[in-house]
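Notes for the one structure printed next.
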Amino acid sequence: MKYYLSLVFSITFLQIAAQSELSLSPRWKFSLGDDPLWAEYGYNDTDWMSIAVDRIWEQQGYESYDGFAWYRLRFILPSSIKNAGTLRDSLLIYLGKINNFDQTYLNGHLIGANGFEATDALREDMSFIKAPTNYWDRKRCYKLPLNSPLIRWDAENVLAVRVYDEGGQGGMYTGDQSLRLTCLSDYLLVDFGREAFVFKEKNLVKNVFLKNVSSAYTLFGKFDLQVSHKNTGKDALEKELMFFLKPGEEQRIEVILPQQDHSLIVKYDVEIQRENFKLKFIEETPYILTPPVPDAPRIVGPSITGVRPGRPFLYTIPVTGKRPMKYWVERLPEGLLLDPNTGIISGKVDKAGEYKVVFHAFNESGHHSREFIIRVGDQICLTPPMGWNSWNCWGLSVDEEKVKASADMFVQKGLRDHGWTYINIDDGWEIHRDKDPKRDAEGNILTNEKFPDMKRLGDYIHSLGLKFGIYSSPGPLTCGQYTGSYGFELNDAKSFGRWGVDYLKYDWCFYDGLAKDTSHAERKKPYVVMRQALDQLERDIVYSLCQYGMSKVWRWGAEVGGNLWRTTGDITDTWESLREIGFSQVENQPYAKPGHWNDPDMLVVGYVGWGPHLHPSHLTPDEQYTHISLWCLLSAPLLIGCDLQSLGVFTLNLLTNDEVLALDQDPLGYQARQALVEGDIQVWVKELADGSQAFGIFNLGESTSHFTLSFEKIGLKSNGHLRDLWRQLAIGTYENWREFTIPAHGVVLMKVD
Ligand code: GAL
């Protein structure tokens, strides 16, 4: 079946089922520790503490607690809710997301674990904590047949949730706990999220799937879509389609639409005959702002790099334009060698100093030259690192092939030409805690079967002019429950040195049990130990601390030798997560500077999923523009978190706008300040090395904003020139104020000089 619509539309997420449901209390009873009696119906929990289930326990007085804890809730289940559904077969219990693992009991009986039915394996006491660590992002829903003897109708019931968290944040945290009966629409899978729109010539194309997942019911109904312009709210189109699906059947709807220069809002209502409610989905269409690069060479990327004397140097001159390209460097310091066909500079410089060189690039369409500084001294990481990390896409399912493919994609898709450099393996390369041996007789860490030869992998990455990153944790185990570095820090640093590692992300997991208390000294300790080990190597290694911002790490991260430090918990691909993390980077602002960066976590654009199954980012296109703009204003490390093999035109476009990336790589290293908060509007201002300024106006609200910016009021120069960085377009001179139109959750990113 084909739909040819006259206007663009894309992505989906919001599913609202308008069914009668019973919301559960936002406050439950809570106890740290573990006792099988706490599952029991009759257990007396009146003395337990009360806890909110819409936020993690760390935010409620249990800072740094890892281990077991129980949540209990008593509630009356009225039999009247049975009348709400068209089907009378099952009861659904929604518990929201839980960080990290759960076993859930109703009236003393196990009904499920980690969002799965209670199978024998999950019944086994401890097996539930061996599941993939990304279960923190999984919505828990448990299903019971309506005639189950476990359910006590019109009487008190007890839900008891046993939670285990082994590191980082813990507990129930989304606050959307409820109960309801199944309906026919629970068997209709409306899958908009499997594919993102792809750009084909002047069109956008996407498949949407309707699947009947029941084995007994036939589903038929109406699929309705309404399209409107996001910025004006004006209607664009309306269409209706009937569907009929036998048990197990799937129907594909292909949508082909012409591209636009803004998002359209697409609303889908799916109505199943015989049921008096609709499934509602909303998505926004992608649109491209970055203009195509010219054929003639253009040297981009940072204007400076730092290396220590006598340490291996590797830098690929980032140049856009038509290939083949030839390179030449004027005044290259002694010890360095340029490959004139690839632009890769390697070698070592023994003498400290500031070497001012000139890069030249030539192709059949022209020539470009640009000054560049190689600073040989005691500081590296002079601009925020730009690269790829395996975590947000592959999670623990990462392997050598996937890492090599990412390096290849950096070259083939041209990311290297825009300055993208690091290829970083996150957790999952070490030996799992259930397997032995974990180290050799000398204490050297072993890799698992997915990484047969780290040195070979490092060499491969370097041969492409890219740099190689790895991950470890100071505890005996990593967050993914693989071998950590505790007690073997020097061995591990040496292994990293042998493998040619250029970047180390060092976590915190499983160190909680080792730290004596939560003092600054104890929080710093493991990072100092690893720093000292790294200092024994004849290699520069960018040192990235990953302890989620505990004890205001930005105040002491540089002191323990960190080049960057995570300032928050893990990011996910939702607006809530992006907003919470991105717009909270205020207090740490003065601490960012060349060599030392605040890290608000990795990028969540493109196909992500924490492995092995990926989905297009749940952020709308405007939210993705906000994400990249804000991270660049913040001088944040830019680590792409998506699968590069499925990188589409829209994502590539977001990641290769040289004027936007130049903000991030500006040598002044100034982290944008939050200059104005007015209702839903925030303006962030960044000072730049050449004396110009950049600013982003962000609209955190739910509708298009027409905002008048008064330049002087927030410390921006008045009477200058304005440049739209995403469109790479001069938009003329301005005086003291100007009105801007900013889409909901979107941004206007400008430079003034
Ligand atoms: C988390 C960290 C993630 C990822 C993961 C690996 O603590 O924040 O970014 O590295 O560990 O298990």
Side-chain angles (χ1 to χ4, degrees), residues 56 58 64-66 99-101 129-138 164-171 173 385 387-399 402-403 422-433 448 450-451 469-486 501 503-513 515 523 526-527 530 542-550 553 557 562 564-573 577-578 580-581 597-604 608-612 631 636-642:
I56 48 164
E58 278 81 359
S64 324
Y65 178 74
D66 291 329
N99 198 332
N100 204 4
F101 307 111
I129 67 170
K130 294 185 181 154
T133 45
N134 61 5
Y135 281 3
W136 58 270
D137 195 30
R138 190 186 162 89
Y164 179 75
D165 181 51
E166 87 265 279
Q169 312 181 331
Y173 70 98
W388 173 87
N389 172 294
S390 56
W391 185 249
N392 290 352
C393 46
W394 303 120
L396 297 171
S397 70
V398 62
D399 60 32
K402 293 188 172 101
V403 175
Y422 289 91
I423 296 290
N424 296 356
I425 310 171
D426 207 282
D427 203 358
W429 60 267
E430 321 84 334
I431 305 289
H432 191 264
R433 82 167 186 196
N448 63 38
K450 297 185 296 157
F451 289 91
I470 210 162
Y471 162 100
S472 190
S473 197
L477 292 175
T478 65
C479 297
Q481 313 201 18
Y482 288 75
T483 321
S485 293
Y486 181 64
V501 165
Y503 182 116
L504 171 66
K505 171 175 172 183
Y506 205 46
D507 214 315
W508 173 262
C509 277
F510 287 91
Y511 193 81
D512 262 337
R523 291 263 159 93
Y527 295 103
M530 183 49 94
V542 170
Y543 190 30
S544 149
L545 320 185
C546 176
Q547 47 81 289
Y548 334 114
M550 290 186 303
V553 61
L564 54 143
W565 42 80
R566 277 272 296 281
T567 54
T568 67
D570 289 17
I571 198 167
T572 58
D573 57 325
S577 172
L578 178 70
E580 180 89 19
I581 291 181
W597 310 104
N598 289 306
D599 174 10
D601 208 359
M602 301 175 287
L603 303 177
V604 277
V608 293
W610 293 268
W631 263 235
L638 298 178
L639 288 158
I640 301 172
C642 65

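Counting starts at 1 for both ligands and their atoms, following the listed order. Because the structure is predicted, anything quoted here is derived from the model rather than measured.
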What are the atoms of ligand 1, with element, lying closer than 4.0 Å to any heavy atom of Y548? 7 (O), 8 (O)

Find all atoms of ligand 1 within a distance of less than 4.0 Å from any non-hydrogen atom belonging to G480, and give their numbers and elements. 12 (O)

Before you tell me yes or no, could you show the steps for D507 and Y548 under side chain to side chain contact (heavy atoms under 4.5 Å, CB included), namely the whole-Å CA-CA distance, both residues' side-chain angles and the distance that decides it to 0.1 Å? CA-CA 9 Å; D507 214 315; Y548 334 114; 2.7 Å; yes

So the atoms of ligand 1 within less than 4.0 Å of a heavy atom of C546 turn out to be 2 (C), 8 (O)

In Å, rounded to the nearest 0.5 Å, how long is the span from CG of D573 to CG of D137? 7.0 Å

May I ask you to check whether the SG atoms of C393 and C642 are separated by less than 2.5 Å? no

Look at atom 4 (C) of ligand 1 and find which of L639, D599, D426, D570 reaches it with the closest heavy atom. D426

Specify whether Y506 and Y543 have parallel, tilted or perpendicular ring planes, treating 30° as the upper limit for parallel and 60° as the lower limit for perpendicular. tilted

For Y471, counting its heavy atoms only, list the atoms of ligand 1 lying under 4.0 Å from any of them. 6 (C), 10 (O), 11 (O), 12 (O)

Take V553 and Q547 through the side chain to side chain contact (heavy atoms under 4.5 Å, CB included) test and state the conclusion after the steps. CA-CA 8 Å; V553 61; Q547 47 81 289; 3.6 Å; yes

Option with minimal heavy-atom separation from atom 2 (C) of ligand 1, where the choices are D427, L477, D507, T478: D507

So the atoms of ligand 1 within less than 4.0 Å of a heavy atom of K505 turn out to be 3 (C), 4 (C), 9 (O), 10 (O)

Answer whether the closest heavy-atom distance between the side chains of L396 and H432 falls below 4.5 Å. no

